[in-house]
Amino acid sequence: MSNEQIKNLEEIFEARIARDEKIEPKDWMPEKYRKTHIRQMSQHAHSEIVGMLPEGNWISRAPSLRRKAALLAKVQDEAGHGLYLYSACETLGISRDELFEQLHSGKAKYSSIFNYPTVTWADMGAIGWLVDGAAIINQVPLCNTSFGPYARAMVRVCKEESFHQRQGFEIMLKLCNGSPEQKDMAQDALNRWWWPSLMMLGPTDAESIHTEQSMKWKLKRKSNDELRQQFIDQTVPQADILGLTIPDPDLKFNEETGSYDFGEIDWDEFWQVVKGHGPSNKKRMKDRIGAWEEGTWVRDAAMAYAEKQDARNTKLKTA
Ligand code: FAQ
């Protein structure tokens, strides 16, 4: 294709983005748009899959049948979110095997938040309330993102995340209305998960490398800092309802901006975790790779069954 032709296609593409049209997998798109989407959607998919591990740890220790059923359903939803997102990536010409290879070899990132340990039952409450709470704030704008398969997947994902957030808040509420020891457990979980939840929304706008281009393509509709502020403003009143204290002495409502000012985030900690040196990075990868290897026989059996069905269908068609 000549440079002139590419330029024309780029102009048509940009005009479609400006008109808020959805870009579909078979449409022409700049190579960088394709790669950026594979990067973000696959990191998102990996986050859902690795994100099952810290909670999976508590399914067998949930304090009641009701809590166990809800947690089991939540973790299964996360598997589903991962699968929609891997499928959306595949429409852009990358295979599932390549995506898993990138995760297992450490080439691909997944969310920093899942590299922290879940040490008490209250962590299930804190993850639902804070981590799913932050995830919803990040993902609602993605329902309106420019790439069709990603936007459509996000509609369903957000509905499910909303249930996840509520079940987490309900766990926290129950603990906060329980014994002093239970309330302490809830406070301790908030102390440990608050700052990592703020970091989860990504580096500051000044440090972010992809935001500017992703906003132009309407992949991202809001910047990392905007989403972080929205999360804080939404969550502080919820902590008040629970009677818990946000572990930030600098947190203060600003009458002028109508938002909460907050303290310094430890970005060194964030980058350490992203680079693989968080408290649970090694364990998460070991467990994930272990689950993949142990599941080999299931994948082989499923493939053998599918091949047999295909052969049978072909035979029926030609008979
Ligand atoms: N962790 O230039 P930016 C969930 C990397 S799903 C690790 O700002 P961007 C559900 C970033 O990749 C949670 N790495 O990047 C659930 C880039 O590196 P690269 C996941 C991070 O893409 C709940 C570099 O830093 N959600 O929680 C992180 O414009 C409960 C520079 O950053 C999504 O993935 C991080 N936190 O903005 C499951 C949502 N932040 O790629 C189980 C979709 C940044 O150049 C239990 N993703 N980095 O090597 C997004 O919205 C964006 O990708 C951001 C980052 C906002 C995460």
Side-chain angles (χ1 to χ4, degrees), residues 32 35-58 71 74-82 84-85 88-89 102-103 106-116 118 123-143 145 147 150-151 153-154 157-158 160-165 167-168 193 195-217 219-228 230-231 265 267 269-278 281 284:
K32 209 170 156 209
K35 288 210 170 115
T36 297
H37 276 76
I38 293 178
R39 179 189 64 80
Q40 179 167 320
M41 291 192 297
S42 65
Q43 285 177 3
H44 193 165
H46 299 326
S47 304
E48 298 280 358
I49 297 300
V50 177
M52 295 161 74
L53 296 168
E55 292 171 310
N57 180 32
W58 278 93
L71 185 59
K74 178 181 193 295
V75 173
Q76 283 176 343
D77 285 349
E78 282 149 12
H81 299 172
Y84 308 147
L85 290 163
C89 281
Q102 291 177 356
L103 173 64
K107 251 184 270 161
K109 291 192 170 74
Y110 60 88
S111 182
S112 50
I113 193 74
F114 302 116
N115 292 305
Y116 291 85
T118 45
D123 290 12
M124 296 305 97
I127 289 182
W129 173 38
L130 301 173
V131 177
D132 285 279
I136 297 171
I137 286 188
N138 167 265
Q139 290 171 11
V140 166
L142 290 174
C143 296
T145 191
F147 185 54
Y150 196 20
M154 278 304 115
V157 169
C158 284
E160 292 175 350
E161 299 290 20
S162 163
F163 147 72
H164 298 171
Q165 198 270 354
Q167 69 87 42
W193 289 92
W195 293 103
S197 299
L198 300 190
M199 294 173 198
M200 171 189 170
L201 292 157
T204 60
D205 293 353
E207 293 274 318
S208 167
I209 43 179
H210 301 295
T211 298
E212 195 185 340
Q213 180 61 69
S214 293
M215 299 269 275
K216 280 189 192 147
W217 279 330
L219 161 56
K220 281 171 94 162
R221 296 277 183 165
K222 288 189 178 180
S223 76
N224 301 354
D225 284 338
E226 283 175 304
L227 294 171
R228 198 170 1 260
Q230 197 182 327
F231 172 70
I265 294 175
W267 290 111
E269 173 182 323
F270 171 74
W271 289 115
Q272 281 302 315
V273 176
V274 171
K275 285 180 192 148
H277 311 302
N281 293 62
R284 296 289 178 252

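Predicted, not measured: the structure shown is a model, and the values here were computed from it. Remember, it's 1-based here, ligands and their atoms both numbered in the order they're listed.
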May I ask you to list the atoms of ligand 1 that are less than 4.0 angstrom from any heavy atom of Glu78?
30 (C), 38 (C), 42 (C), 46 (C)
So which heavy atom on Tyr150 is nearest to which on His44, and how close?
OH-ND1, 2.9 Å
Note: Lys74-Asp77 ion pair, threshold 4.0 Å (strictly below):
no
Distance flag for atom 54 (C) of ligand 1, protein heavy atom under 4.0 Å
no
Measure the distances from the heavy atoms of Ser214 to every atom of ligand 1 and state whether one is below 4.0 angstrom.
no
Glu226 side chain vs Ser223 backbone, donor-acceptor pair below 3.5 Å
yes
Residues that Lys216 engages under salt bridge (Lys or Arg N to Asp or Glu O under 4.0 Å), provided they are two or more places apart
Glu212
Report yes or no: does a heavy atom of Lys74 sit under 4.0 Å from some atom of ligand 1?
yes
Leu130/Phe231 under side-chain contact (heavy atoms from CB on, under 4.5 Å): CA gap, chis, key distance, verdict
CA-CA 9 Å; Leu130 301 173; Phe231 172 70; 4.1 Å; yes
Within a distance under 4.0 Å of any heavy atom of Ser112, pick out the atoms of ligand 1 and give their elements.
1 (N), 7 (C), 35 (C), 36 (N)
Any atom of ligand 1 sitting under 4.0 Å from a heavy atom of Met41?
no
Using a 4.0 Å heavy-atom cut-off, say whether Ile209 meets ligand 1 through its side chain, its backbone, both or neither.
both
On a heavy-atom basis, which atom in Ser208 and which in Lys220 lie closest, and how many Å separate them?
OG-NZ, 4.3 Å
Tell me the closest heavy-atom pair linking Ser214 and Thr36, and the distance in Å.
OG-CG2, 4.0 Å
Quick note on ligand 1: atoms under 4.0 Å from a heavy atom of Lys220 include exactly 8 (O), 9 (P), 29 (O), 37 (O)
Using heavy-atom distances, let me know which of Gln139, Glu207, Met200, His210 sits nearest atom 45 (O) of ligand 1.
His210
Ranked by distance from atom 28 (C) of ligand 1, the top protein heavy atom is Phe270 CZ, 3.6 Å
Can you tell which part of Tyr110 has a heavy atom less than 4.0 Å from ligand 1: side chain, backbone, both or neither?
backbone
Would you kindly specify which portion of Leu227 sits under 4.0 Å from ligand 1, judged on non-hydrogen atoms: side chain, backbone, both or neither?
neither
Applying a strict 4.0 Å limit to heavy atoms, is Glu161 in contact with ligand 1?
yes
Any N/O of Arg39 closer than 3.5 Å to an N/O of ligand 1?
yes
Nearest candidate to atom 47 (N) of ligand 1, where distance is taken over non-hydrogen atoms, out of Gln40, Glu48, His44:
Gln40
Identify the protein heavy atom lying closest to atom 40 (N) of ligand 1, giving its residue, its atom name and the separation to 0.1 Å.
Gly202 CA, 3.4 Å
Which part of His164 is near ligand 1, with near meaning a heavy atom under 4.0 Å away: side chain, backbone, both or neither?
neither
Heavy atoms only: give me the nearest Glu269-Pro196 pair and the separation to one decimal.
OE2-CG, 4.4 Å
Please could you name the atoms of ligand 1 that Ser208 approaches to less than 4.0 Å, counting only its heavy atoms?
2 (O), 3 (P), 8 (O)
Of the non-hydrogen atoms in Tyr110 and Asn115, which two are nearest, and what is the gap between them?
OH-OD1, 2.6 Å
